[in-house]
Each structure stands twice: as C-alpha cells, then as structure tokens.
Amino acid sequence: MSTSRLRFAPAPTGSLHIGSARTALFNWLYARHTGGELVLRIEDTNAELTRPELIDNIYRSLEWLQIDFDGAPVRQSERTDLYNDAVEQWLADDFAYVDEGAVRFRVPDRGTTAWEDLVRGTVVFENQHIEDFVVRRSDGTATFFTANAVDDLDLGITHVVRGEDMVNVTPKVIMLRRALGATDVPEFAHLPLIVNEQRKKLSKRRDDVALENYRDRGIVAPAMINYLALLGWGPPDDIEIRPVGEIVELFELGDVNPSSAMFDAKKLDAINGEYLRAMNPQEFCQALEPWIGQQTWSDSIDPTQLQRVAPLIQERTRVLSEGPPQLDFFFLNMPEIDQSAWDKVMLSDEAGLILEAASAVLGEINWEVDALHDALRSIGDTYQMKLGKAQAPVRIAVTGRSVGPPLFESMHALGREAVLARIGAAQEMLADE
RNA sequence: GCCCCCAUCGUCUAGCGGCCUAGGACACCGGCCUUUCACGCCGGCAGCACGGGUUCGAAUCCCGUUGGGGGUGCCA
C-alpha cells in the first residue's frame, strides 16, 4: 500500500505567518489522517534566509502548535549539488538554456499544462502564457522553482498542500519535474487564502499575522489549532469545537472549501474562551502564570492565594492577557480606583451610608461567603435597594472597579482586615470630596 | 494589460439534484438566570450575487454577466 508523504516548506522570513501556520496544520492533519509522513523543508535558497534565529522561530512556533514532523528537517541551502545536477541535466537535454549568465527553462509555445487539484478541480494553463523562467541565477544559485521541483521528486512527496498564491508556480514545477524524467505528478491541493476584513491576503505590513502575537495575547495552542482548522474546512456534523484528534480523523483535503476565508479574531477569542473554561482550575491557574509573572505586582503574589482566586475569573477570561487586570486588587495593597466607575457609583447619597453600614457590620459577622452575602443584602434592604445596587459601592471600595469577579467570594479571599481597610480608605476619600 | 482562481446569513461554514419554507457557529439584538461582569439557557435578525440554460425538480450541473481575490522577480 502506498503511503502519503507531505511536506511543509516555509521560507524563514521571520515569525511564522498565520497563513503558513494554517498550511502547516492542513499538511499535518492530512499526513496524520492518512497515517503518512510529514517532512519539514526549510526553503532557504536565498542566502539571507539561512540565519539560524529565523529558523529557530519556525521551530518554536510549530512546536507550540504541536505540529510534529517525521525525520530531520531538510535545508535547501544544504542541497545545492542536487539542484546543480538538475540544471546541468536540463541544459544537457536542451530543456534549458543560458541567458545572460542565468539559466532559463525553455517553456513550450504550444500545448497546456494541467493538473487535477484536490481543492479546485481541474486547473489548466496554456503554455504560451508561461514565460521562460529562471532556474539558476547568474550567481550560480538555484531558484525556488528548481529547488521545489527537485526536492518534491527527490523526497518522494505524494501530496503538495500549499496556499493558493502558489497556483501559478505549479505548471512550472510540473514541467521541471517532467524534464527530470518523472512520469508521475504529486497530488496538489491549493488551500484558500486567509484574508483580512478588506478581503485582501493577510499581509505582514497591515495585519496582525505573527503567530507568536496571538500566543502572547493569551491564545492557547489547542484553540489556535481548532480555529485554524475551521478556516477553509468544516466538520460534516457541525461540531466546530473538538479535540484535534477528532479533527485528524475527520479531515479530508477534498472537503476543503476553495474560496478565501476571513480571519476573524473575535471568533478565535470566543473559541479560546471555551478552551479556557474547559480547563480544570489547576490547569487554568498554570496557564495564567506567565501573564501574572509579567505584572508589577507579581512579587507580592502568594501562590496559594492565586490558586484560590484564579477560578473566580476563569469563566470571565477569553484570552489569558485579560487575567491580570481582573486579579490585581487581590495582590495590591490598595486597589487601583477606576475614576469613572467611582464617579458613577460613589456620588450618590446612599453610597456613603452603605459603606458606613458595611464597615460596621463586617467587623462583626462570621467571615464566610454566605454571611457576607446576607450582610450586604440586609444593608440593601434597609435602604430599599436591590443587592445589585447595594453591593456597588462596596465593590468599588474593595476592588476599585464596578465589574469583576464575584464580590463576596473576593472579599472572603481577601480577608476581613484588608476589606475593612479598603472600605475605610474609600470613606476617607468620600469625605475629602 | 495578461494569466489563474473564487462567489450560501456581517463573518466562518453545512449542503455535493428532491430530506432546504437552506442547518450550525461567531458577531449583533431581545429575554431568563443573577452580587457586577461573565457563564449558561431561551428567542430573534440575517444568506444561496445576477441572467440564461439542462432537468419532472437546482443553492447544488452548464454557459454568460457582475463582483472579489491571487499571480505576473535572476523573492519564495
């Protein structure tokens, strides 16, 4: 039985592009789905692209996504002899000729070059529209076309899965491959482009295309994988959020949609939120740690306290970078007051009365969530306020904001002393106004 | 200009000739729940670009129009 062999072939031009990541993913999905192999091929035929740090970045990003490869990576910069041999062979067989020092492939004037694309169906190019293209530069180095055709043949690649922006190179590499004596052609699958709101190809200049930026914002890898899989492909049963193993099982190149797909950061965030919520509390806390560690108040963190309060924000967090601002008041000596929230809530007549009542009763009660709940409710009752309104001044005093994790749980975690101190401070601020 | 590709709700998609008065998800808008926000639940808005065919029957097949995109380097 012939098994599939695919390759992901990025040019190391910086951080991994979101579109490249999707290409890598689809290659990986199909390789794993078919029980075949996936090789990583670094397309560094251009001297500037051989810098190690650029390549490291690709490795790191792919590792983060948990896209794994079979065998060692192939570096095109190390295979120049192969390309030279091919060029010499084309020259010898009169498939190519020297032009101002460069070598060009002789494209026939007549006939067509076509292939059956797994995503797009039949694609046909008339040879007369294809120019004689350079296969070896005048400096002696092989071009992309040469390296591409030689390596796909030499590495026994059975399926070429790449972006639609590569469609026009396909007839060229097919001609090159045939000129090398190959009678077969790999399967081609040209994936739809990922586009921005203006329906233009995601570009490094205008758009947020670096995979690492998403990681740094607090997108977790499984969510990224899941979202990327949904760009150009959809499960037949309409269940979008599912483990990558199931996606591997369901994935088929033939099911890939040929039309371009807009990158929707909101949907990515929504999916990420689902993944965050699905974590157990320890996992969530652990995922949060790198973001917490960057805060100015990270030195004053008590790990036990963090473990206790992190679950309070778990279902309120879509991306991990949203975590720290929701938790800072637990670890600061005094909360940072949101001025507009303060003005909205504290300028009413009742606010001072509620704080006064709270500071009195909170010194007496059992320090339990239920008791805190009851205390605030009865304070509200005496002023004929619903709990939602009655808790607002206390929330501002204790957390500095009008929104946040559940108040009574937060107060409980904070402790009586800190809570009373904050209420006291708020009363003083009110008095000063 | 030339070449290639694409066309289902705002967005991502399901649909591969009858199951479609087109399903799901995100977003948006209501409501419920409720200590804020969120989560959750319920409901709503909204789409087969247009015109011709083919067929008993078309979102699904064919042709054209329109619109959009990609490519046109001795970059990859």
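Everything numeric in this text was worked out from a predicted model, so none of it was measured. Order of the sequence lines fixes the chain letters, A, B, ..., with proteins taken first and strands second; residue numbering starts at 1 for each chain.
Nucleic acid contact class of A:Phe145 (heavy atoms, under 4.0 Å, all strands): base. Residue-level contact check: A:Asn168 touches the backbone only, with heavy atoms under 4.0 Å from sugar-phosphate atoms and none from bases. Contact annotation for A:Glu100: base contact, defined as any heavy-atom pair under 4.0 Å involving a base atom. As judged by a 4.0 angstrom heavy-atom cut-off over every strand, A:Glu43 is placed among residues touching the sugar-phosphate backbone only. A:Gly232 comes within contact range of the sugar-phosphate backbone alone, with a heavy-atom separation under 4.0 Å but no base atom that close. In this structure, A:Val103 reaches neither bases nor backbone, as no heavy-atom distance under 4.0 Å exists between it and the strands shown. Contact annotation for A:Val195: no contact, since no heavy-atom pair falls under 4.0 Å across all strands.
Below the 3.5 angstrom threshold, one finds a donor paired with an acceptor across the side chain of A:Ser138 and the base of B:rC74. Side chain A:Asp165 to base B:rG71: no donor-acceptor pair is found below 3.5 Å. Applying the 3.5 Å distance criterion, the base of B:rG70 shares no donor-acceptor pair with the side chain of A:Glu164.
Checked against the 6.0 Å centroid criterion, the rings of A:Phe145 and A:Tyr83 do not qualify as a close aromatic pair.
B:rG52 and B:rA58 have their P atoms separated by 13 Å, given to the nearest Å. Rounded to the nearest Å, the gap between the C1' atom of B:rA22 and that of B:rC41 is 26 Å. When the P atom is used for both B:rG18 and B:rC39, the distance is 39 Å, rounded to whole Å. Comparing B:rG15 with B:rG40, their P atoms are spaced 26 Å from each other, to the whole Å. Annotation: B:rG24 and B:rG31 have their P atoms spaced 22 Å apart (nearest Å). Separating the P atom of B:rC12 from that of B:rG69 is a span of 14 Å, rounded to the nearest Å. Nucleotides B:rU8 and B:rU13 have their C1' atoms positioned 9 Å apart, rounded to a whole Å. B:rC6 and B:rG64 are spaced 13 Å apart, taking the P atom of each and rounding to whole Å.
Straight-line distance from the CG atom of A:Leu193 to the P atom of B:rG68: 17 Å, rounded to whole Å. As rounded to whole Å, 23 Å separates atom P of B:rC2 from atom CZ of A:Phe133.
Pair check for B:rG18 finds B:rC56; Watson-Crick or G-U wobble, both atom distances under 3.5 Å. When both distances must be under 3.5 Å, the Watson-Crick or G-U wobble mate of B:rG1 is B:rU72. Nucleotide B:rG40: paired with B:rC32 (Watson-Crick or G-U wobble, both distances less than 3.5 Å). Both distances falling under 3.5 Å, in either a Watson-Crick or a G-U wobble arrangement, place B:rA49 opposite B:rU65.
A sub-4.0 Å separation between OP1 or OP2 of B:rU8 and a side-chain N or O of A:Asn257 is absent. The phosphate of B:rA76 has OP1 or OP2 within less than 4.0 Å of a side-chain N or O from A:Thr45.
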Where do A:Met166 and A:Thr23 land on the side chain to side chain contact (heavy atoms under 4.5 Å, CB included) test, with the steps shown first? CA-CA 12 Å; A:Met166 295 281 112; A:Thr23 301; over 6 Å; no
Could you walk me through whether A:Arg106 and A:Arg104 pass the side chain to side chain contact (heavy atoms under 4.5 Å, CB included) check? CA-CA 6 Å; A:Arg106 202 188 300 283; A:Arg104 285 181 185 275; over 6 Å; no
Between A:Asp269 and A:Lys266, is a salt bridge (Lys or Arg N to Asp or Glu O under 4.0 Å) present by the stated rule, with each step listed? CA-CA 5 Å; A:Asp269 287 358; A:Lys266 276 191 173 168; over 6 Å; no
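Here B:rC75 is the nucleotide among B:rA7, B:rC75, B:rC4 with the atom lying nearest to any side-chain atom of A:Arg137. When each of B:rG70, B:rC5, B:rC12 is scored by its nearest atom to the side-chain atoms of A:Ala261, the top-ranked nucleotide is B:rC12.
Side-chain N or O atoms of A:Ser61 include one that pairs as donor or acceptor with a backbone N or O of A:Asn57 at under 3.5 Å.
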Sequence-aligned protein contact record of nucleotides 27-42 of chain B, with B where the base is within under 4.0 Å of a protein heavy atom and S where only the sugar-phosphate is: S-------BBBBSS--
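Cation-pi geometry between A:Arg32 and A:Tyr30 is not met at under 6.0 angstrom from the ring centre and within 45 degrees of the axis.
Taking a cutoff of 4.0 Å between a charged side-chain nitrogen and a carboxylate oxygen, A:Asp44 and A:Arg79 do not qualify as a salt bridge.
With the nearest nucleotide of RNA chain B identified for both A:Ile241 and A:Asp255, A:Asp255 has the one nearer the 5' end.
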